[in-house]
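Inspection log for the structure reproduced underneath, given as structure tokens.
The structure displayed is predicted, hence computed values, not measured ones. For the single chain, residues carry numbers from 1 onward in sequence order.
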Amino acid sequence: MAGKQLGQILLEAGAVTSEAVEQALAQQASEGGRIGEILQKARAVSEEDVLRALGTQLGIPFSADLDVKEIDGDLASLVPIAFAKQHRLLPIKKEGTTVVVATADPLDVGGLDDLRSAVGGDIEPLLVPSNKILDAVNQVYGRRQDAGTLGEGEGEDEMGAAEELVDILDVNDEAPIIRWVNALMFNAVKERASDIHIEPGEKDVIVRYRIDGVLYETRRAARQFIPSIISRVKIMAGLNIAEKRLPQDGRIRRKIAGKDIDMRVATAPTVKGGERITIRLLDRENVLHDLADIGFGDDHLRQMDDLIHRPHGIMLVTGPTGSGKTTTLYACLAKINSPDLNILTIEDPVEYQLDGISQVAVNEKIDLTFANGLRSFLRHDPDVIMVGEIRDLETAEIAIQASLTGHLVLSTIHTNDAAGGITRLVDLGVQPFLVASSLMALLAQRLVRRLCRDCCETYRPSEEDLLSLGLDPASFFAGQARRARFKGEGVPLPPGMLYRAREGGCASCLNAGYKGRTAIYELLMVDEQTRQLAIKNADAGTIKRAAIESGGMRTLREDGAQKVLAGMTSPAEVLMITTGDET
């Protein structure tokens with residue numbers, strides 16, 4: 001394919017449409033830039049697609065991943081971490097006098113020349129996606145930086161000013177408390193933790209990480225360090241270090257191991273003579289997921305695509321705190337975000353910033369509530385409105401009026417299942433006929449842990465196991481169980497077998513047997529029968545049974561069973577998460 005243009009190679013590979021290439025070429029002609037980067041920014045292709053095409057065009061090999069075990073740490077140490085991250089370059093190994101180098105940009109001639117001087121030899125580029133290079137950089141350099149206990153070893157370094165977002169691996173500080181706190185944050189990011197809990201004990205400080213929804217104790221420090229640790233975190237979050245009697249909330253934004261991380265900090269006084277601190281970690285780079293990536297099956301995807309492209313109505317996402325409701329709403333907004341739509345959101349707080357969308361944060365100190373913000377939005381000619389949460393009657397009524405006057409409204413509400421969202425609105429004081437006329441659908445969801453691909457094992461389930469999941473044993477053992485299709489399914493299962501987590505796990509999953517999470521869903525489409533039940537003020541159980549019998553709604557447990565059949569999670573995980581949710 002020598003001499004072919006990049007757009008032509010992508011077209012022949014089926015990675016992009018001709019319309020997208022024509023639009024990108026027009027933008028390149030008017031604004032300049034590389035065609036690959038323009039297509040990526042337009043979300044027409046992935047970085048991997050562009051790198052494969054560049055490899056074909058330039059005759060450079062491509063790899064979709066890097067094995068950290070094969071990277072020569074001594075060779076990598078010749079390159080400063082800041083340089084490696086800035087240029088997305090990492091030397092891997094030496095073959096004779098030639099050094100194999102992972103790069104995400106083969107046209108970065110300056111960076112490659114500097115690297116050639118640093119390693120003292122010829123280089124052979126290997127095209128690798130930038131996120132894979134960054135992950136490898138973090139692991140290779142992180143092994144040398146990782147701090148064990150307070151006062152021992154070299155910990156992660158001072159974070160620097162928030163405005164400059166200086167990476168904790170790039171700056172040096174001799175203060176042991178700073179190194180220790182930074183080590184907590186670095187390790188939390190490295191181990192995929194969503195929360196850090198720093199808790200004063202009787203004799204020491206206990207630190208726990210929440211990983212894939214489960215808390216693990218990670219380290220301890222002597223009790224004498226409690227005041228210093230708390231003060232350090234408060235300073236980083238901009239809190240009052242002198243106030244120890246009242247809870248406080250703050251925010252930290254830093255670069256940690258090359259990732260732009262938002263941290264929401266909450267403190268609370270305890271009776272054990274110290275304050276506890278909880279830090280919620282939000283990776284700003286990982287928020288925009290496709291609906292298929294977060295666990296929707298092919299049947300649910302078709303329904304969701306129809307819902308979010310409707311001109312008006314309300315769709316509510318329900319579930320407890322931490323069940324991924326915000327991620328689902330962002331995925332919906334990312335799907336429909338386009339220049340011809342005016343999209344406004346009001347959130348508490350704004351967790352991630354989305355390009356092309358106007359986002360407002362609730363601030364009750366100045367009376368900027370969900371209701372007041374939503375009322376103001378209606379004067380800004382919106383097409384789509386996202387409300388972080390419906391908590392009260394005023395917000396609910398304004399949201400319903402907005403939907404009835406030609407706006408698409410997306411929001412969340414705290415209930416256990418989808419049908420409970422209807423009765424919750426009525427309990428808030430909304431008239432049942434307004435609920436019935438405005439609601440399009442309700443989506444309940446939970447998060448379940450995904451089985452570790454490296455260590456999960458097959459087993460033959462008992463009939464009791466299958467019946468508890470709502471599966472017919474006869475159909476299952478005959479290999480005739482019907483199931484939905486999901487993106488990221490596990491390896492096909494042998495007939496009559498399921499996957500389960502291996503006891504003790506492996507190094508890849510931190511010995512948990514699970515790695516990552518996916519969602520299970522219950523999508524209740526509001527049809528005429530559901531509207532009539534809502535008007536009659538029927539209870540949630542009646543509405544749910546009617547949706548199952550007439551509309552074929554799949555419950556949370558049934559959707560979990562589909563993911564068990566797809567090899568994505570285990571029966572034990574689904575049963576644990578859905579206990580109490582089935583009627």
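With hydrogens and angles left out, the side-chain atoms of T518 and K563 include no donor and acceptor closer than 3.5 Å. Side chain to side chain, S570 and Y514 meet the donor-acceptor criterion of an N or O pair below 3.5 Å. Side-chain contact of D465 with S468: a donor-acceptor pair under 3.5 Å is absent, judged by distance alone. A side-chain N or O of E347 and one of T345 form a donor-acceptor pair less than 3.5 Å apart. Counted by atom type alone, Q445 and E522 present zero donor-acceptor pairs between their side chains at under 3.5 Å. Using a 3.5 Å distance cut-off with no hydrogens or angles, the side chains of S411 and E389 do not pair a donor with an acceptor.
K325 places a side-chain N or O within donor-acceptor distance of the main-chain N or O of P320, the cut-off being under 3.5 Å. Panel note: side chain H407, backbone A402; a donor-acceptor pair is recorded below 3.5 Å. Looking at D383, its side chain never comes within 3.5 Å of a backbone N or O of L341 through a donor-acceptor pair. Without hydrogens or angle criteria, H414 side chain to T318 main chain gives no donor-acceptor distance under 3.5 Å. Formation of a donor-acceptor pair under 3.5 Å by the T218 side chain with backbone atoms of Y209 is not found in this model. Proximity of a side-chain donor or acceptor of S403 to a complementary backbone N or O of I400 within less than 3.5 Å is detected. With hydrogens and angles ignored, the 3.5 Å screen pairs a side-chain donor or acceptor of T328 with a backbone N or O of G324. In terms of modelled atom types and a separation under 3.5 Å, the side chain of E397 and the main chain of V430 share no donor-acceptor contact.
In plain terms, the two heavy atoms of L469 and A561 that are nearest each other are O-CB, 3.5 Å. Between A519 and D559, the shortest heavy-atom distance links the atoms O-OD2, 4.3 Å. Between C456 and L451 the shortest heavy-atom distance is CB-CB, 4.1 Å. Taking all atoms of both residues into account, the shortest heavy-atom contact from K515 to C509 is CB-CB, 4.1 Å. Residues L11 and S18 approach most closely at CD2-N, 3.4 Å, considering heavy atoms.
Summarising the local packing, CD of E528 is surrounded by more than 12 heavy atoms from other residues, nucleotides or ligands at distances under 6.0 Å. No more than 12 heavy atoms of other residues, nucleotides or ligands lie within 6.0 Å of CD in E463, so this atom counts as exposed by the packing criterion. Within 6.0 Å of CG in D67 there are more than 12 heavy atoms belonging to other residues, nucleotides or ligands.
Contact check for V448 versus T578: no side-chain heavy atoms found under the 4.5 Å cut-off. Put simply, the side chain of L215 reaches to within 4.5 Å of the side chain of R210, judged on heavy atoms.
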### Task
Give the C-alpha distance, both sets of side-chain angles, the deciding distance and a yes or no for side-chain contact (heavy atoms from CB on, under 4.5 Å) between L471 and L565.
CA-CA 10 Å; L471 298 174; L565 293 175; 4.0 Å; yes
### Criterion side-chain contact (heavy atoms from CB on, under 4.5 Å) on I308 and L291, from CA distance to verdict
CA-CA 11 Å; I308 62 179; L291 286 170; 4.2 Å; yes
### Query
Could you walk me through whether I198 and L184 pass the side-chain contact (heavy atoms from CB on, under 4.5 Å) check?
CA-CA 10 Å; I198 305 173; L184 292 185; 4.0 Å; yes
### Task
Output, in order, the C-alpha distance, side-chain angles, deciding distance and verdict of side-chain contact (heavy atoms from CB on, under 4.5 Å) for T415 and T423.
CA-CA 9 Å; T415 61; T423 55; over 6 Å; no
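Between D262 and R280, no side-chain nitrogen of the basic residue sits less than 4.0 Å from a carboxylate oxygen of the acidic one, so the salt-bridge criterion is not met.
When the side-chain contact (heavy atoms from CB on, under 4.5 Å) test is applied to N537, the partners found at least two apart in sequence or on another chain are V426. Considering only residues two or more places apart in sequence or on other chains, L493 meets the side-chain contact (heavy atoms from CB on, under 4.5 Å) condition with T458, L498, Y499. With sequence neighbours left out, D427 forms a side-chain contact (heavy atoms from CB on, under 4.5 Å) with no residue at all. Residues meeting the ring pair (Phe, Tyr, Trp, His ring centres under 6.0 Å) test with Y521, sequence neighbours left out: F296. In this structure, the side-chain contact (heavy atoms from CB on, under 4.5 Å) partners of V189, at least two apart in sequence or on a different chain, are I256, K259, I261.
Sorted by first then second residue, the ring pair (Phe, Tyr, Trp, His ring centres under 6.0 Å) pairs that include residues 428-449, not counting sequence neighbours, number zero.
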